[in-house]
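The structure appears below as structure tokens.
Order of appearance sets the numbers: ligands from 1, and atoms from 1 within every ligand. Small disclaimer: the values here were computed from a predicted structure and weren't measured.
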Amino acid sequence: MYPIVKKEKLADKIYLMDVKAPRVAQYCEPGQFVIVKMDEKGERIPLTICDYNREEGTITIVFQIVGASTERMAALEEGDVFSDFAGPLGCASELVGEELEALKKKRILFIAGGVGTAPVYPQVKWLHEHGVACDVIMGARTKDLLILEEEMRAAAANLYVTTDDGSYGFHGVGTAQLQALWDEGVRYDHCVAIGPMIMMKFVCVLTKKLGLKTIVSMNPIMVDGTGMCGACRIMVGGDVKFACVDGPEFDGHLVDFDQAMKRQAQYKTEEGRAMLKLQEGSTHHGGCGMCK
Ligand code: NAD
Ligand code: FES
């Protein structure tokens, strides 16, 4: 059992929890995710790790209420337990595996959208702790929906906050802020964009034009997180990939976002899933891909 040692409401329908999971906390790296289950029969919910404390053996998760399972999860309190807390899963962020001296020479930018700010934070914190400076653009629809601003301000070299409605910070979305910086002559070598699919798509449209390499996190399309359900099948540079096994991070300029978003909508209905299974044959699953 995995007890909740802290619970905090960050914004409307957005919650943070610290969960005691020493083994996961010992081995996890920024960019990886966990799968949580509230009880034996509960839905498996994949969540990107927002922070970890190896000494205390805790993992921080941030989630948004989007359906019945997350609604039930939001009702849990400190002292309640998860029956399952599997991880760390997926590949660590590409940046964490690079030579520190090479990283220090790079001008790195993160673009975080809404709840996507949570998975951006551990990467920014890790770089800061290893002496690598990076800039962050974080945006939300309105001021009250901004999360982790203080934490991000402490770790980023420059933090640019945006709101779609102009209630706080730059008035506009993250792509508009990046374009404004670029117009002022600010340049980057590497960008990581994490947020809603539509945001990641448009960040990639812009950064392709600017010639700025961009990594995205395809966590939003995961369902069971095991490579078995086939939900997170995407096309990357013409190849079939599974976000939960091969990712969650990918080169955003190679991801077919239109196909991924269309497929995500289709996957929601039983009829849609049956059609995808028929069309995709042995490549429908991400496990071995060979099951009959
Ligand atoms: P949201 O719809 O409120 O959007 C958040 C921000 O994204 C906006 O304020 C804006 O700054 C930016 N954005 C949205 N559309 C854009 C566009 N077309 N161009 C440029 N920027 C745009 O999102 P939310 O309700 O805070 O968060 C929920 C979403 O976050 C879900 O779609 C979820 O899948 C996604 N999410 C993604 C990850 C990940 O790993 N990629 C992790 C957690 C959550
Ligand atoms: Fe099910 Fe990846 S989430 S195959």
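In summary, Lys201 and Asp258 engage in a salt bridge, as defined by a charged side-chain N under 4.0 Å from a carboxylate O. The pair Glu280-Arg263 meets the salt-bridge criterion, since a charged nitrogen lies less than 4.0 angstrom from a carboxylate oxygen. Arg153 and Glu149 are joined by a salt bridge, as a carboxylate oxygen and a charged side-chain nitrogen come within less than 4.0 angstrom of each other.
In terms of protein heavy-atom proximity, atom 1 (P) of ligand 1 is nearest to Arg141 NE, 3.8 Å. Of all protein heavy atoms, the one lying nearest to atom 39 (C) of ligand 1 is Ile194 CG2, 3.3 Å. Looking at atom 37 (C) of ligand 1, its nearest protein heavy atom turns out to be Gly195 O, 3.2 Å. Looking only at protein heavy atoms, the nearest one to atom 41 (N) of ligand 1 is Ser217 O, 2.9 Å. Looking only at heavy atoms of the protein, atom 18 (N) of ligand 1 is closest to Phe202 CD1, 3.6 Å. Among all non-hydrogen protein atoms, the one lying nearest atom 15 (N) of ligand 1 is Ile198 CG2, 3.6 Å.
Between the side chain of Asp224 and the backbone N or O of Thr226 there is at least one donor-acceptor pair closer than 3.5 Å. For the pair Thr163 (side chain) and Tyr168 (backbone), a donor-acceptor distance under 3.5 Å is present. Between the Thr162 side chain and the Tyr160 main chain, no donor and acceptor come within less than 3.5 Å of each other. Although no hydrogens or angles enter the test, the distance criterion places no donor-acceptor pair under 3.5 Å between the side chain of Arg23 and the main chain of Pro88. Side chain of Lys7 to main chain of Ala74: a donor-acceptor pair is present (N/O by atom type, distance under 3.5 Å, no hydrogens or angles). The closest donor-acceptor contact from the side chain of Arg72 to the backbone of Gly67 lies at 3.5 Å or more, if one exists at all.
Remark: the Asn219 side chain and the Ser217 side chain contain no N/O donor-acceptor pair separated by less than 3.5 Å. A donor-acceptor pair shorter than 3.5 Å can be found between the side chains of Gln123 and Ser93. Side-chain contact of Asp144 with Thr142: a donor-acceptor pair under 3.5 Å is absent, judged by distance alone. No hydrogens or angles considered: nothing links the side chains of Tyr52 and Gln32 as a donor-acceptor pair under 3.5 Å.
Counting heavy atoms closer than 4.0 Å to ligand 1, residue Ala140 contributes backbone atoms (N, CA, C, O) but none from C-beta onward. Proximity of Val223 to ligand 2, defined as any heavy-atom pair under 4.0 Å, is confined to the backbone N, CA, C and O atoms. At a 4.0 Å heavy-atom cut-off, ligand 1 touches Met200 through the side chain alone. Within the 4.0 Å heavy-atom criterion, the part of Met228 lying near ligand 2 is the backbone and not the side chain.
Taking every non-hydrogen atom of Cys244 and a distance limit under 4.0 Å, the qualifying atoms of ligand 2 come out as 2 (Fe), 3 (S), 4 (S). Near Gly113, the atoms of ligand 1 lying under 4.0 angstrom from a non-hydrogen atom of the residue are 5 (C), 6 (C), 7 (O). Annotation for ligand 2: atoms under 4.0 Å from non-hydrogen atoms of Cys232 are 2 (Fe), 3 (S), 4 (S). Below 4.0 Å from some heavy atom of Thr175 lie the following atoms of ligand 1, by number and element: 20 (C). Atoms of ligand 1 found under 4.0 Å from any heavy atom of Gly114 (numbered from 1 in listed order, with element): 5 (C), 6 (C), 26 (O). Counting the atoms of ligand 2 from 1 in the order shown, those under 4.0 Å from a heavy atom of Gly230 are 1 (Fe), 4 (S). Of all the atoms in ligand 1, the ones that sit under 4.0 Å from a non-hydrogen atom of Pro119 are 42 (C).
Of the options Lys13, Gln64, Met199, the smallest heavy-atom separation from atom 21 (N) of ligand 1 is shown by Met199. Closest to atom 11 (O) of ligand 1 by heavy atom, among Ile14, Thr117, Val115, Asp164, is Asp164. Within the set Gly116, Pro220, Pro248, the minimum heavy-atom distance to atom 33 (C) of ligand 1 is found for Pro220. Distances from atom 35 (C) of ligand 1 to the heavy atoms of Ala193, Ala118, Gly247, Pro196 put Pro196 nearest. Among Gly225, Pro46, Ala231, the residue whose heavy atom sits closest to atom 3 (S) of ligand 2 is Gly225.
By the neighbour-count criterion of 12 heavy atoms within 6.0 Å, atom CD of Glu129 is densely surrounded, having more than that number from other residues, nucleotides or ligands.
Ring geometry for Trp182 against Tyr188 counts as tilted: the plane angle lies between 30° and 60°, on a 0 to 90° scale.
For residue Cys229, an N/O/S atom approaches atom 1 (Fe) of ligand 2 to within less than 2.8 Å.
Here's the thing with Thr48: none of its N/O atoms is less than 3.5 angstrom from an N/O atom of ligand 1.
The atom of Asp224 that is an N, O or S and sits closest to atom 1 (Fe) of ligand 2 is OD1.
Taking 4.0 Å as the cut-off, Ala243 does not count as a neighbour of ligand 2 on heavy-atom distance.
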